[in-house]
Amino acid sequence: MSAEVGQGDPAAPDEPVRLLLLRIAAPAALATPDLPSIGAALAELAADLDYVTPWADRLGDRNRLLRIHAPDRGPRLAIVHRQEGRLSAVHDHGTWVAISPISGLETHRRYRLTDGPGSRPEIAEVTSLGPAQVATLLPPDDVHDHGHLAGHGAPAYVLILTGDDQARFKRNEWDAATGRHRVLPAGEVGRWLASDPWP
């Protein structure tokens with residue numbers, strides 16, 4: 001994965017990001033985060049094309065992530081693009097997450113875990129997200145993959161908002177084709193694309 005730290009000081013984010021953080025502060029502080037409210041705030045930012053389009057332009061047509069707001073702790077915001085036919089590995093986050101495209105069509109697949117040795121995650125829900133639509137996830141029901149399915153519209157540019165730095169948590173990753181599973185210790189990001197080699 002290619003990643004680049006966004007502009008600005010996390011303590012003094014751009015005004016649209018500051019307003020997003022203010023809107024989600026109370027919903028995110030609840031014992032069970034109010035994901036519909038968090039998602040609505042993210043969708044509003046995704047619809048602010050004056051702000052988000054220059055970020056998408058910086059990404060270009062590459063498989064890439066740019067951090068827009070990345071403090072040491074607390075909510076983090078990134079913009080992500082995966083090219084035609086490219087999906088993420090199946091993974092979890094260890095923290096709540098909301099995702100909203102600013103353009104294109106993003107496929108978001110939620111998985112259920114099955115019991116038994118050799119079992120693999122099974123697709124429980126498939127959602128096609130267009131601009132300013134939202135998917136949210138809350139652990140432990142946060143096993144998913146997302147990106148672009150070949151032949152399904154234009155690859156999306158998406159905002160991803162997480163409750164914290166996911167790299168602080170022990171996480172999980174699966175290979176959708178084989179069901180292989182591995183634990184990602186804190187600090188390990190995992191595979192960016194499902195097509196990346198299994199370690």
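Listed here is the closest heavy atom pair of Ile79 and Ala56: CD1-N, 3.7 Å. Residue Pro54 comes nearest to Leu49 through the heavy atom pair CD-O, 4.0 Å, listed as atom of the first residue, atom of the second, then distance. Between Asp175 and Trp198, the closest heavy-atom pair is N-CZ3, 3.7 Å. Between Tyr157 and Gly60 the shortest heavy-atom distance is OH-O, 2.9 Å. The two atoms that bring Ala43 and Ser100 nearest to each other are CA-OG, 3.7 Å, heavy atoms only. Heavy atoms only, all atoms of each residue included: Asp72 and Arg168 are closest at O-NE, 3.2 Å.
Between Leu137 and His108, some side-chain heavy-atom pair lies under the 4.5 Å cut-off. Proximity of Ser128 to His152: side-chain heavy atoms (C-beta onward) are nowhere separated by under 4.5 Å. Between Tyr51 and Ile68 the shortest side-chain heavy-atom distance falls below 4.5 Å.
Trp192 does not carry Arg86 over the face of its six-membered ring by the limits of under 6.0 Å from the centre and within 45° of the normal.
A donor-acceptor contact shorter than 3.5 Å links the side chain of Asp196 to the backbone of Leu193. A donor-acceptor pair is defined here as one N or O able to donate and one able to accept, closer than 3.5 Å; no such pair exists between the side chain of Asp142 and the backbone of Asp92. Between the side chain of Arg171 and the backbone N or O of Val189 there is at least one donor-acceptor pair closer than 3.5 Å. The backbone N or O of Asp61 lies less than 3.5 Å from a partner atom in the side chain of Gln83, making a donor-acceptor pair. Between the Ser88 side chain and the His146 main chain, a donor and an acceptor come within less than 3.5 Å of each other. Formation of a donor-acceptor pair under 3.5 Å by the Asp14 side chain with backbone atoms of Pro16 is not found in this model. Remark: the backbone N or O of Pro71 is paired with a side-chain donor or acceptor of Arg76 at under 3.5 angstrom. Counting only distance, with no hydrogens or angles, the side chain of Glu173 and the backbone of Arg191 share a donor-acceptor pair below 3.5 Å.
The aromatic rings of Trp174 and His181 sit tilted relative to each other, their planes meeting at an angle between 30° and 60°. Taking the six-membered ring for Trp and thresholds of 30 and 60 degrees, His91 and His93 have ring planes more than 60 degrees apart, a perpendicular arrangement.
At a threshold of 4.0 Å, the pair Arg73-Asp164 counts as salt-bridged, since one of the basic side-chain nitrogens sits closer than that to a carboxylate oxygen.
In summary, of the residues considered (Ile160, Thr136, Leu159), a side chain to side chain contact (heavy atoms under 4.5 Å, CB included) with Leu42 occurs for Leu159 alone.
Here Leu149 is tied into one hydrophobic group with Leu87, each link being a pair of ILVMFWY side chains closer than 4.5 Å.
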